[in-house]
Amino acid sequence: MMYSKIAEQIPPSPIRDMMCRAELYEDVISFAVGEPDFYPTENIIEATKTSLDNHEVRYAPGAGLLELREKYADYLTKSTGIEYDMSEVIVTTGGMGALFLGMLSVIDPGDEVLISAPYFSNYAQTVSLCHGKTVTVEVREKDNFVLTPEAVQKAITPKSKVLIINSPCNPTGSLISYDILKKIAEIAIKNDLLVISDEVYSHIVFDGQLYHSIVEFPGMKERTLIVDSCSKTFAMTGFRVGFAAGPEHLISLMTKLTEGVYSAGVTFSQRAAVEAFNSGMDHCEEMCREYEQRRNYICRELDKIDGISCIKPEGAFYVFVNISQSGMDAKHFSDHLLDEEHVAVVPGDNFGSAEGYKYIRISYATSMDNIIEGIKRISNFCSEYIAI
Ligand SMILES: Cc1ncc(COP(=O)(O)O)c(C=O)c1O
């Protein structure tokens with residue numbers, strides 16, 4: 001039996017691997033998973049139950065429930081100040097569904113997709129599945145892990161078609177400033193790139209900063225596909241409701257392709273998502289405040305540990321910790337930390353960056369008690385194994 005070369009060659013998810021290994025220890029503290037530890041509010045759960053009680057168990061339309069598309073278009077219009085109509089919105093199975101259908105609709109074999117690295121590792125898999133070529137644009141710690149317009153410009157070739165940006169970023173927690181976004185927008189326009197703007201963490205932004213989307217710049221709405229999701233915003237990962245918003249023709253291609261991919265999203269999950277938007281952003285803001293407190297604690301405590309360092313992330317729920325002074329590479333550090341102290345983190349070289357082996361990713365989407373204990377164990381580990 002011959003299996004597809006692409007399927008065989010794609011590496012398994014390192015994050016899942018770490019999660020499975022972590023499960024072997026009963027007392028493990030896991031900083032590996034990028035999933036909110038909060039639950040959706042009760043009204044969202046009730047709306048799901050009501051939808052099931054009403055037997056909303058049939059196929060939804062390929063582009064999603066009209067009511068939800070309308071809600072999301074309204075929400076996006078308000079949050080970006082740019083007018084969106086529901087014909088420019090598709091509901092997908094999570095942000096992943098939006099990324100996959102979006103890339104499938106724009107990438108021809110050999111097209112180059114520029115991605116700032118380190119990046120969310122699923123991007124590269126999706127690019128490969130679409131027969132595209134990932135071109136990494138390295139970001140540096142000295143630039144707060146933010147993409148520089150010069151690096152983007154330098155990476156562009158005649159085959160460049162798409163640029164993926166992710167702000168706030170998984171795995172670094174970096175936030176692209178308004179001024180840099182503006183310059184990236186100018187480059188996208190000059191070089192005729194489609195920008196996939198992954199905004200799944202747009203509601204997790206700290207220090208009172210305002211979130212800006214690249215669509216806010218003139219000429220960008222027509223060349224941007226926004227990818228969004230209820231997963232992080234409303235702590236609804238298992239509901240699998242995501243969104244893409246972009247040019248009407250692109251959305252119609254994506255809708256056509258749903259047929260051969262998953263036909264339609266889950267009807268009662270979409271009802272729950274309507275309720276989530278109806279109930280507003282209070283819960284989301286509460287979660288954000290809690291993440292911010294956790295970030296403050298982690299950065300303050302990590303700063304006290306010799307041999308590792310981190311810059312303060314501005315959003316999402318990750319810290320990208322520099323372990324280069326430990327004398328270990330990321331894999332060695334992470335393996336040892338799990339074996340010795342039962343703390344799971346993700347080695348930084350799993351995020352597509354050449355410099356990744358110098359970093360580990362800590363996800364603080366876990367309780368404050370776990371964070372306090374986990375950081376204590378990391379501190380023990382460092383004092384035991386790092387010779388300064
Ligand atoms: C940057 C980024 N984009 C997209 C996703 C996909 O999220 P979902 O498919 O749950 O909406 C994730 C999930 O962790 C992510 O970190």
Side-chain angles (χ1 to χ4, degrees), residues 13-16 18-19 30-40 64 68 72 89-103 113 115-127 129 134 139 145-147 162-176 195-205 211 213-214 225-245 254 258 261-262 265-266 269-270 272-273 276-277 284 287 291 313-320 346 348 350-353 361-366:
S13 161
I15 300 173
R16 293 235 178 267
M18 190 47 99
M19 281 157 61
S30 181
F31 292 140
V33 61
E35 173 167 38
D37 55 314
F38 299 97
Y39 290 103
L68 183 55
Y72 187 75
V89 167
I90 176 174
V91 179
T92 54
T93 51
M96 279 318 304
L99 284 163
F100 186 55
L101 291 172
M103 290 198 222
V113 179
I115 314 181
S116 66
Y119 53 72
F120 173 47
S121 31
N122 289 17
Y123 293 152
Q125 178 175 137
T126 305
V127 173
L129 291 175
T134 293
V139 302
F145 295 118
V146 172
L147 201 57
V162 177
L163 168 67
I164 302 182
I165 57 171
N166 173 216
S167 170
C169 172
N170 174 7
T172 63
S174 64
L175 183 71
I176 308 179
V195 175
I196 296 184
S197 180
D198 183 339
E199 308 193 355
V200 303
Y201 295 101
S202 61
H203 285 282
I204 312 176
V205 172
Y211 179 75
S213 168
I214 199 159
L225 186 71
I226 291 180
V227 167
D228 205 347
S229 169
C230 290
S231 289
K232 323 286 169 170
T233 308
F234 302 112
M236 289 171 68
T237 43
F239 286 73
R240 310 309 300 135
V241 180
F243 305 93
M254 291 171 68
T258 55
V261 181
Y262 55 74
V266 180
S269 287
Q270 294 185 42
F277 281 100
C284 174
M287 290 189 285
Y291 290 133
E314 295 174 287
F317 39 63
Y318 307 101
V319 194
F320 212 50
V346 182
N350 291 305
F351 301 100
S353 156
R361 188 193 76 173
I362 287 182
S363 159
Y364 49 90
T366 186

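Note: hydrogens, waters and symmetry copies are ignored here, and every other heavy atom, side chains too, is used. Remember, it's 1-based here, ligands and their atoms both numbered in the order they're listed. Note that the coordinates shown come from a computational prediction; the quantities given were computed from them, not determined experimentally.
In this structure, of G242, S231, S167, A98, the residue bringing a heavy atom nearest to atom 10 (O) of ligand 1 is S231. One option in D198, V33, T92, N122 has a heavy atom closer to atom 2 (C) of ligand 1 than any other, and that option is D198.
The shortest N or O to N or O distance between M96 and ligand 1 is under 3.5 Å. Inclusion of Y318 in the set of residues having an N or O under 3.5 Å from an N or O of ligand 1 is not warranted.
Of all heavy-atom pairs spanning G352 and A117, the tightest one is O-CB, 3.6 Å. When all heavy atoms are compared, the tightest approach of T233 to M287 is O-CE, 3.3 Å. Here the closest non-hydrogen pair linking P313 and T172 is CB-O, 3.7 Å.
Nearest to atom 5 (C) of ligand 1 among the protein's heavy atoms is F120 CE2, 3.5 Å.
The closest approach between any non-hydrogen atom of T237 and ligand 1 is not below 4.0 Å.
Of all the heavy atoms of K232, the ones lying under 4.0 Å from any atom of ligand 1 belong exclusively to the side chain. With a 4.0 Å heavy-atom cut-off, ligand 1 is reached by the side chain of Y123 but not by its N, CA, C or O.
Donor-acceptor pairing under 3.5 Å is recorded for the side chains of R361 and N170.
Ligand 1 places these atoms under 4.0 Å from at least one heavy atom of S229: 8 (P), 11 (O). Those atoms of ligand 1 that come under 4.0 Å of a heavy atom in G95, given as number and element, are 8 (P), 9 (O), 11 (O). Short contacts between ligand 1 and N166, defined as distances under 4.0 Å to a heavy atom of the residue, involve ligand atoms 1 (C). Residue-ligand proximity, G94 to ligand 1, at heavy-atom distances under 4.0 Å covers atoms 9 (O), 11 (O). Atoms of ligand 1 found under 4.0 Å from any heavy atom of R240 (numbered from 1 in listed order, with element): 8 (P), 9 (O), 10 (O).
Take V266 and apply the side chain to side chain contact (heavy atoms under 4.5 Å, CB included) test, not counting sequence neighbours, and it matches F268, S269.
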- [ ] May I have the step-by-step check of side-chain contact (heavy atoms from CB on, under 4.5 Å) for Y119 and I164, ending in yes or no?
- [x] CA-CA 9 Å; Y119 53 72; I164 302 182; over 6 Å; no

Open item on the list: Evaluate F145 against Y318 for ring pair (Phe, Tyr, Trp, His ring centres under 6.0 Å), listing each step before the verdict.
Closed with: CA-CA 13 Å; F145 295 118; Y318 307 101; over 10 Å; no

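The aromatic rings of F243 and Y72 sit parallel, their planes meeting at an angle under 30°, below the 60° perpendicular limit.
Going from atom CZ of F120 over to atom CG of D198 covers 7.5 Å, rounded to the nearest 0.5 Å.
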